[in-house]
Amino acid sequence: APAPGAPAAAFVLAVTRVEDPDTWTHLALGRLMVETRGLPVHEVLVFPSSGLPYHNTEWLFDIVLYLVFRAGGLAGVVLLKAPTVALAFWVLLKDATLPREPSSDRTLRAVIAAAVLLGCLPMVRHRFIERPDIALMVFLAFTIYALNAYLLEGRRLIFALPAVHLLWANMHPSVIVTVVPFGAVLAGGGLLLLFRRGRAGEEPGTPPGTPNARQLKVVAGVLVADILASLVNPRGIEIPTLPFQLAASPWFTQEINELQRPSFGLYPGPYVLAVLLLLSFLALRHRNSIISALMILPFAYLGLSAVRFIFVFAIVGAPVLARNVSA
């Protein structure tokens with residue numbers, strides 16, 4: 001079967017030397033926290049800022065990375081990264097092949113999903129590094145998969161999300177992006193319910209994944225639980241709001257290369273993905289794909305506005321494109 005090829009290819013591409021300079025910062029901070037059994041409250045690594053207040057928003061990832069390094073050296077670090085990346089693509093594959101029925105279409109959907117994911121691998125490859133980005137891949141992929149599995153198949157993976165987001169909030173402040181898929185389901189689902197108001201029951205031919213009122217209440221309840229879980233971290237509300245503070249700083253967008261807009265000549269991937277998604281939505285315009293469209297738009301904006309976020313756009317967009325092509 002071709003389907004496992006994407007996670008396997010991701011694993012192979014992630015078996016690389018440790019070259020990202022931030023890896024050493026994460027290892028040093030992890031060692032410091034393990035040895036002192038506490039979180040640093042002052043800057044300890046950057047001399048000009050020595051003594052200034054310091055809050056490590058990725059403390060749990062740093063500790064895990066250092067403990068793996070202490071047990072297995074750099075080889076252990078790489079062998080932590082590769083399976084994590086493979087896990088992310090396995091979850092993407094599961095999401096891309098939803099729903100599991102009808103079984104007669106399963107092989108075709110698996111082939112399409114494998115082709116789309118393999119095509120998007122080059123867009124994600126540059127983030128196969130020993131940084132919290134790999135945890136972000138898994139957490140974001142699983143969040144969207146859990147929501148889709150609930151809407152399309154009634155599966156209860158959604159109730160694991162508060163625990164997932166508790167881990168996410170202590171590994172990376174990007175946990176705030178979870179409001180996008182939840183918001184897409186609630187806003188899109190609410191609009192679809194308004195369109196069907198006054199009609200008795202479900203219409204024959206209602207598009208798959210169209211939520212009912214009870215499902216929307218469950219999604220809203222889980223979102224509240226997720227927000228509360230994400231506040232369980234050493235800095236509280238500061239963690240989910242940190243990305244907004246950084247985005248408001250012009251220095252970051254002007255001076256950091258990976259926050260520059262990707263040029264088509266160097267980074268054609270996100271532009272090609274955006275065009276293919278647009279064409280697929282136009283082809284399915286009668287299927288009320290509003291939830292998927294609302295979920296894609298913010299991540300497409302991120303991926304087309306900064307090199308750093310291309311991989312996030314691919315993580316979110318690839319399963320949607322695969323399902324659209326299958327449909």
Throw together a table of side-chain donor-acceptor distances under 3.5 angstrom for residues 292-316, partners on residues two or more places apart or in other chains.
unit_1	atom_1	unit_2	atom_2	d
Ser305	OG	Tyr301	O	2.9
Ser305	OG	Leu302	O	3.0
Arg308	NH1	Glu258	OE2	3.1

Which donor-acceptor pairs under 3.5 Å do side chains of residues 70-87 form with protein atoms, sequence neighbours excluded?
unit_1	atom_1	unit_2	atom_2	d
Lys81	NZ	Ala14	O	3.0
Lys81	NZ	Thr16	OG1	2.8
Lys81	NZ	Phe128	O	3.4
Lys81	NZ	Glu130	OE2	2.9
Thr84	OG1	Leu80	O	2.7

I'd like a table of donor-acceptor pairs (distance under 3.5 Å, sequence neighbours excluded) in which one partner is a side-chain atom from residues 164-173, with atom names and distances.
unit_1	atom_1	unit_2	atom_2	d
His165	ND1	Leu161	O	3.4
His165	ND1	Asp226	OD1	3.3
His165	ND1	Asp226	OD2	3.1
His165	NE2	Thr143	OG1	3.0
Trp168	NE1	Ser174	OG	3.0
Asn170	OD1	Trp59	NE1	3.0
Asn170	ND2	Leu166	O	2.8
Asn170	ND2	Val232	O	3.0
His172	ND1	Ser174	N	3.2
His172	ND1	Ser174	OG	2.7

Donor-acceptor list for residues 177-186 side chains, cut-off 3.5 Å, not counting sequence neighbours:
unit_1	atom_1	unit_2	atom_2	d
Thr178	OG1	Val175	O	2.9

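The two atoms that bring Leu193 and Pro211 nearest to each other are CD2-O, 3.8 Å, heavy atoms only. Pairing each heavy atom of Pro162 with each of Ile158, the nearest pair is CD-O, 4.0 Å. Taking every heavy atom of both residues into account, Leu121 and Ala6 meet most closely at CD1-O, 4.3 Å. The two residues Leu216 and Gly189 make their nearest non-hydrogen contact at CD1-C, 3.7 Å. Heavy-atom minimum distance, Pro122 versus Gly119: CD-O, 3.3 Å.
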**Request:** Go through Val124 and Met137 one step at a time and tell me if the side-chain contact (heavy atoms from CB on, under 4.5 Å) criterion holds.
**Result:** CA-CA 10 Å; Val124 188; Met137 292 181 196; 3.7 Å; yes
**Request:** Show your working on side-chain contact (heavy atoms from CB on, under 4.5 Å) between Arg155 and Tyr145 and close with a plain yes or no.
**Result:** CA-CA 10 Å; Arg155 301 180 67 190; Tyr145 170 57; 2.7 Å; yes
**Request:** Might you work through the side-chain contact (heavy atoms from CB on, under 4.5 Å) test for Thr97 and Arg106, ending with a clear yes or no?
**Result:** CA-CA 8 Å; Thr97 52; Arg106 201 171 291 169; over 6 Å; no
**Request:** Evaluate the side-chain contact (heavy atoms from CB on, under 4.5 Å) criterion for residues Val224 and Leu228: first the C-alpha distance (whole Å), next the side-chain angles of each, then the deciding distance (0.1 Å), finally the verdict.
**Result:** CA-CA 6 Å; Val224 172; Leu228 294 175; 4.2 Å; yes
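Atoms CG and CD1, on Leu191 and Ile291 in that order, are 9.5 Å from each other to the nearest 0.5 Å. The CG atom of Leu192 sits 9.5 Å away from atom OG of Ser289, with the distance rounded to the nearest 0.5 Å. Leu67 contributes atom CG, which lies 9.5 Å from atom CE of Met33 (distance to the nearest 0.5 angstrom). Distance check: Leu65 CG to Ile134 CD1 gives 7.5 Å after rounding to the nearest 0.5 Å. We find the CG-CD distance between Asp133 and Glu58 to be 8.5 Å, quoted to the nearest 0.5 Å. Separating the CG atom in Leu13 from the CZ atom in Arg125 is a distance of 6.0 Å, to the nearest 0.5 Å.
Cluster membership for Ile290 and Leu147, using ILVMFWY side-chain heavy atoms within less than 4.5 angstrom, is shared. Note: the hydrophobic cluster containing Ile112 does not contain Leu284 (ILVMFWY, side chain heavy atoms under 4.5 Å, direct or indirect links). Val12 and Leu93 are not part of a single hydrophobic cluster, where members link through side-chain heavy atoms under 4.5 Å apart. No single ILVMFWY cluster, assembled from side-chain heavy atoms under 4.5 Å apart, contains both Ile129 and Val15.
The closest donor-acceptor contact from the side chain of Glu153 to the backbone of Tyr150 lies at 3.5 Å or more, if one exists at all.
Tyr66 has its side chain within reach of Arg31: a pair of non-hydrogen atoms, C-beta onward, lies under 4.5 Å apart. Pro40 is listed as a side-chain neighbour of Leu32, based on a closest heavy-atom distance under 4.5 Å. Proximity of Ile237 to Leu231: side-chain heavy atoms (C-beta onward) are separated by under 4.5 Å at one or more points.
Residue Leu278 is found in a hydrophobic cluster whose other members, listed by chain and number, are Leu282; membership requires side-chain heavy atoms under 4.5 Å apart, directly or through intermediates. The hydrophobic cluster containing Val275 also includes Leu279, under a criterion of side-chain heavy atoms closer than 4.5 Å among ILVMFWY residues, counted directly or through chains of members.
With respect to the salt-bridge test (charged N to carboxylate O, under 4.0 angstrom), the residues Asp95 and Arg323 qualify.
Applying side chain to side chain contact (heavy atoms under 4.5 Å, CB included) to Phe281 and the options Leu276, Asn324, Leu321 leaves one that passes, Asn324.
Residues Tyr267 and Arg261 have side chains that never bring a donor and an acceptor to within less than 3.5 angstrom of each other.
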